[in-house]
Undergrad: 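Got a structure for you, written out below as structure tokens; questions coming shortly.
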Amino acid sequence: EMEYTEDSESVMGSEESVGSAVAESGVLDAVVTNGDATQKIIKTVSLSMQTKEFDNVIAAIGAKTKVVQGYTEYSSIEGNRYYNNTGNRYANIVLRIPQEQLDTFLKEVEGLGNVTSQSLNTDNITLKYADTKSHKEALQVEYDRVLALLEKADTMETILALESHLSDIRYQLNQYESTLRTYDNQ
């Protein structure tokens with residue numbers, strides 16, 4: 001989440017990124033996945049900031065996100081400066097940033113305003129990832145074996161039973177593949 005103050009305007013936001021994340025003025029949540037084959041690490045960075053240049057900071061965060069080939073996953077801006085120049089403005093921004101860009105991104109974003117708080121959470125999902133991958137591989141072997149049995153089936157009852165079992169296995173395989181993709185994209 002990012003929190004900004006512009007004169008009396010505040011911006012609160014969060015940025016989440018894979019790899020690296022940049023947040024200017026506000027709270028930044030960044031999720032980073034370590035590309036190392038032996039370790040799967042997800043980092044979440046929260047950064048709260050204040051700024052007197054709310055609109056410029058929001059634009060700079062967007063530009064810096066593009067430069068590091070990240071993207072905005074979520075963005076919300078509250079407060080209305082048009083009618084009330086003394087009101088607070090808040091931004092909540094979630095970004096996905098490539099891991100190798102995180103440190104650079106954070107340094108640049110921290111320079112956009114007054115950092116009021118920052119936190120880092122690291123989640124090692126290596127075992128979860130390996131477990132899920134192992135289950136998927138075992139199911140793929142089972143799928144191949146059932147498929148081979150189906151080719152040799154000689155009764156309609158056997159064919160229907162094997163096709164039903166293949167359907168169940170395909171469903172489970174899809175779930176594991178989706179979970180692995182989610183881990184890879186965090």
Side-chain angles (χ1 to χ4, degrees), residues 1-2 12-23 26-47 58 61-78 90-106 119-186:
E1 293 181 2
M2 298 176 60
M12 179 183 284
S14 75
E15 298 190 64
E16 206 170 294
S17 67
V18 175
S20 93
V22 175
V27 175
L28 164 68
D29 289 333
V31 178
V32 178
T33 304
N34 184 346
D36 184 350
T38 60
Q39 295 289 311
K40 283 290 200 183
I41 307 293
I42 299 173
K43 291 182 181 178
T44 302
V45 177
S46 293
L47 179 65
I58 296 299
I61 290 172
K64 291 179 186 300
T65 300
K66 287 180 184 176
V67 167
V68 297
Q69 297 180 338
Y71 65 92
T72 301
E73 184 174 271
Y74 172 82
S75 177
S76 172
I77 297 177
E78 298 178 28
Y90 302 91
N92 183 5
I93 305 168
V94 177
L95 301 176
R96 295 289 183 168
I97 307 295
Q99 94 172 23
E100 60 277 359
Q101 300 294 326
L102 181 61
D103 292 338
T104 301
F105 183 83
L106 287 173
S119 67
L120 169 67
N121 180 43
T122 304
D123 185 14
N124 187 337
I125 62 163
T126 305
L127 293 177
K128 291 179 198 175
Y129 190 92
D131 235 15
T132 303
K133 188 173 181 180
S134 175
H135 285 292
K136 179 190 168 269
E137 290 168 355
L139 271 176
Q140 185 62 54
V141 169
E142 182 181 354
Y143 181 86
D144 294 340
R145 288 181 181 164
V146 173
L147 192 59
L149 289 173
L150 179 63
E151 291 174 5
K152 297 176 183 177
D154 56 359
T155 68
M156 186 57 73
E157 183 180 333
T158 304
I159 291 171
L160 291 175
L162 291 172
E163 285 181 346
S164 175
H165 190 59
L166 281 174
S167 178
D168 292 342
I169 294 171
R170 268 190 297 250
Y171 177 76
Q172 291 176 22
L173 280 170
N174 287 338
Q175 285 182 315
Y176 285 127
E177 288 170 359
S178 176
T179 300
L180 290 172
R181 277 192 303 272
T182 299
Y183 287 153
D184 287 337
N185 290 325
Q186 286 186 332

Undergrad: Nearest 0.5 Å, what's the CG-OH distance between Leu166 and Tyr143?
TA: 5.5 Å

Undergrad: Can you confirm whether Arg170 is buried at CZ, in the sense that more than 12 heavy atoms of other residues, nucleotides or ligands lie under 6.0 Å from that atom?
TA: yes

Undergrad: Using only atom types and a distance under 3.5 Å, with no angle test, would you say the side chain of Thr65 pairs donor to acceptor with the backbone of Ile61?
TA: yes

Undergrad: Can you check side-chain contact (heavy atoms from CB on, under 4.5 Å) on Asp123 and Thr44, steps first, answer last?
TA: CA-CA 8 Å; Asp123 185 14; Thr44 302; over 6 Å; no

Undergrad: Report the distance from atom CG of Leu127 to atom CD of Gln39, rounding to the nearest 0.5 Å.
TA: 8.5 Å

Undergrad: Checking Ser178 side chain against Asn174 main chain: does a donor-acceptor pair fall under 3.5 Å?
TA: no

Undergrad: Decide yes or no on side-chain contact (heavy atoms from CB on, under 4.5 Å) for Glu142 and Leu139, but give the supporting numbers first.
TA: CA-CA 5 Å; Glu142 182 181 354; Leu139 271 176; 3.7 Å; yes

Undergrad: Using side-chain heavy atoms (C-beta onward) and a distance below 4.5 Å, is Gln140 in contact with Asp144?
TA: yes

Undergrad: Give the C-alpha distance, both sets of side-chain angles, the deciding distance and a yes or no for side-chain contact (heavy atoms from CB on, under 4.5 Å) between Lys40 and Asp184.
TA: CA-CA 9 Å; Lys40 283 290 200 183; Asp184 287 337; 3.0 Å; yes

Undergrad: Show the nearest heavy-atom pair for residues Gln101 and Val68, with the distance to one decimal.
TA: OE1-CG1, 3.5 Å

Undergrad: How long is the gap from CG on Leu160 to OG1 on Thr155, to the nearest 0.5 Å?
TA: 8.5 Å

Undergrad: Return the orientation label for the His135 and Tyr176 ring planes: parallel under 30°, perpendicular over 60°, tilted otherwise.
TA: parallel

Undergrad: So how far is it from Lys133 NZ to Thr179 OG1, rounded to the nearest 0.5 Å?
TA: 14.5 Å

Undergrad: Just how far is it from atom CD1 of Ile41 to atom OG1 of Thr126, taken to the nearest 0.5 Å?
TA: 5.0 Å

Undergrad: Is it true that a side-chain atom of Thr132 and a backbone atom of Lys128 form a donor plus acceptor pair closer than 3.5 Å?
TA: yes

Undergrad: Stepwise, does the side-chain contact (heavy atoms from CB on, under 4.5 Å) test hold for Ile169 with Val146?
TA: CA-CA 9 Å; Ile169 294 171; Val146 173; 4.1 Å; yes

Undergrad: Ignoring hydrogens, what is the shortest heavy-atom contact between Leu162 and Ala153? Give both atom names and the distance.
TA: CD1-CB, 4.1 Å

Undergrad: Within a radius of less than 6.0 Å around CD of Gln69, do more than 12 heavy atoms belonging to other residues, nucleotides or ligands occur?
TA: no

Undergrad: Is there a donor in the side chain of Gln172 and an acceptor in the side chain of Asp168, or the other way round, less than 3.5 Å apart?
TA: no

Undergrad: Distance check, rounded to the nearest 0.5 Å: Asn124 atom CG versus Tyr129 atom OH?
TA: 13.5 Å

